[in-house]
Number of protein chains: 2
Amino acid sequence: MNRIAASERRERLVDAAIAVMVRDGVSAATTRAIVAEADMPLGSFHYCFRSKEELLGEVIAVITGHTLERALSEVAGGGALEERLCRAMRAYWQHVVDEPGEHRLTYELTQYAARQPGLAVVAERQYETYLAANTRLIEALTGDDGERLEWSVPVPVLARYVTAALDGVTLLYLNEGNATAAGEALELVARHVAELAGRA
Amino acid sequence: MNRIAASERRERLVDAAIAVMVRDGVSAATTRAIVAEADMPLGSFHYCFRSKEELLGEVIAVITGHTLERALSEVAGGGALEERLCRAMRAYWQHVVDEPGEHRLTYELTQYAARQPGLAVVAERQYETYLAANTRLIEALTGDDGERLEWSVPVPVLARYVTAALDGVTLLYLNEGNATAAGEALELVARHVAELAGRA
DNA sequence: GACTGTCTTGGACATTCGACCAAGTCGATT
DNA sequence: AATCGACTTGGTCGAATGTCCAAGACAGTC
């Protein structure tokens with residue numbers, strides 16, 4: 001294989017690892033499967049990463065980053081609160097239906113990391129990040145609106161409700177496989193959240 | 001070891017497997033770890049089970065059975081709809097806080113089974129079972145009440161909403177570790193469900 | 001007491017895994 | 001052209017894992 005900077009090779013290995021995990025699950029992502037996916041010799045792996053755990057950490061960081069990017073980019077735009085809420089929800093849901101494997105991987109990684117002593121910290125931080133993102137989403141939902149709005153429940157509680165509901169509905173879809181049914185449950189959540197926003 | 005019927009030994013191995021999985025995760029439940037937990041020689045394993053997959057199938061069946069038992073036993077009893085709903089929710093939540101490892105295992109097993117070709121069918125049936133249980137719970141909630149009640153959303157949608165919300169809140173607690181915060185989100189769900197029950 | 005079917009068990013097997021290394025290759029700098 | 005640091009790679013190691021087997025032990029039956 002041509003000479004490549006170690007940093008570039010690291011990125012390729014992370015991408016390859018994600019591809020393998022989406023296709024065959026976290027447990028199938030052995031060092032050998034990953035280098036095969038990246039079309040590299042096995043020796044490359046431990047030249048670029050001190051250990052498999054180090055690679056896993058980077059994979060989690062990349063995946064979390066992707067998810068975060070998408071979430072925050074969807075809140076922007078004008079319109080009433082209900083409209084923006086619906087748009088954000090719909091965007092999230094569309095991505096779940098388009099890329100179920102990626103979402104399945106997210107849950108798998110969280111679980112895997114929680115069991116691995118060296119990655120437990122990463123797992124916790126991952127969830128904190130999601131919670132913070134949903135909190136920002138909720139605040140953006142009221143803050144940008146022309147009229148002054150107030151939530152009838154504390155924002156931290158609402159953030160956790162939204163986080164849990166999204167996770168739950170996603171998990172339901174991934175396991176049941178019925179996009180329509182899960183989508184209707186999600187709409188119920190959206191309507192509920194909209195109702196919780198009262199005029200101040 | 002004394003002579004024991006193969007069927008009895010099977011049960012002990014299933015229990016041992018669950019104990020190991022709750023403590024150290026599904027991936028740590030090797031045949032050797034399981035027989036060590038059950039205090040048996042390794043040879044016993046494949047005398048009782050054709051393969052590890054066969055044991056896993058039995059483990060899933062047992063766990064699902066436990067969960068189901070608990071859920072249905074809590075719906076009974078008198079009182080208004082709100083009261084019974086609260087009681088059922090509280091009972092579920094108490095069990096999550098008391099035995100987080102058991103619930104974590106449930107999610108791990110579902111995921112593991114979904115990836116294993118031979119167990120994929122079992123995973124699907126597992127989720128169907130949970131959905132059916134929640135459907136029965138919702139129907140029991142209205143059916144037994146003195147006054148005639150009707151839900152303002154279709155029961156199948158409501159069942160999925162409840163299933164997703166419970167799963168989501170549980171997952172949130174398992175990952176964030178904050179029982180109070182997750183509990184408040186769950187109360188929000190309970191109040192919402194109660195609101196969705198309108199007088200017919 | 002011989003027989004038969006059920007149960008017991010220590011050891012062995014092939015495979016897979018993460019990790020490691022030594023020898024080699026390349027390219028820029030001096 | 002000599003040097004040196006960065007990169008490449010095929011092979012190998014020890015550990016762990018699922019599965020299997022052969023030889024024995026035991027209990028009930030004829």
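Convention: sequence-line order gives letters A, B, ...; per-chain numbering from 1.
Rounded to whole angstrom, the span from the CZ atom of A/Arg50 across to the P atom of C/dC21 amounts to 13 Å. Here the P atom of nucleotide C/dG18 and the CD atom of A/Gln116 are 11 Å apart, to the nearest Å. Straight-line distance from the NZ atom of A/Lys52 to the P atom of C/dA19: 8 Å, rounded to whole Å. Distance CG (A/Leu13) to C1' (D/dC7): 14 Å, rounded to an integer number of Å. Atom CD in A/Glu54 sits roughly 14 Å away from atom C1' in C/dA19 (whole-Å rounding). Taking atom CD1 of A/Ile34 as the reference point, atom P of C/dA19 lies 11 Å away to the nearest angstrom.
With salt bridges taken as basic N to acidic carboxylate O contacts below 4.0 Å, none links A/Arg191 and A/Glu82. With respect to B/Arg12 and B/Glu8, a salt bridge is recorded, a charged nitrogen being found less than 4.0 Å from a carboxylate O.
Once rounded to the nearest 0.5 Å, the distance linking CD of B/Glu54 with OG of B/Ser51 reads 5.5 Å.
Applying the 4.0 Å criterion to OP1 and OP2 of D/dT19, one finds that B/His46 has a side-chain N or O inside that range. For the pair B/Thr31 and D/dT17, the criterion of a side-chain N or O lying under 4.0 Å from OP1 or OP2 is not met.
Under 3.5 Å, the side chains of B/Asp167 and B/Tyr107 contain a donor-acceptor pair of N or O atoms. Side-chain N/O atoms of B/Tyr92 and B/Thr170 include a donor and acceptor closer than 3.5 Å.
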Heteroatom pairs (N/O) under 3.5 angstrom, protein to nucleotides 8-13 of chain C:
{"from": "C/dT8", "atom 1": "OP1", "to": "B/Asn2", "atom 2": "O", "distance (Å)": "2.9"}
{"from": "C/dT8", "atom 1": "OP1", "to": "B/Ile4", "atom 2": "N", "distance (Å)": "2.6"}
{"from": "C/dT8", "atom 1": "OP1", "to": "B/Arg9", "atom 2": "NH2", "distance (Å)": "2.4"}
{"from": "C/dT8", "atom 1": "OP2", "to": "B/Arg9", "atom 2": "NE", "distance (Å)": "2.7"}
{"from": "C/dT8", "atom 1": "OP2", "to": "B/Arg9", "atom 2": "NH2", "distance (Å)": "3.1"}
{"from": "C/dT9", "atom 1": "OP1", "to": "B/Met1", "atom 2": "N", "distance (Å)": "2.1"}

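Positionally, the nearest nucleotide of DNA chain C for B/Ser7 lies more toward the 5' end than for the other of A/Glu53 and B/Ser7.
Taking the side chain as every heavy atom from C-beta outward, B/Tyr130 and A/Asn175 never approach each other to under 4.5 Å.
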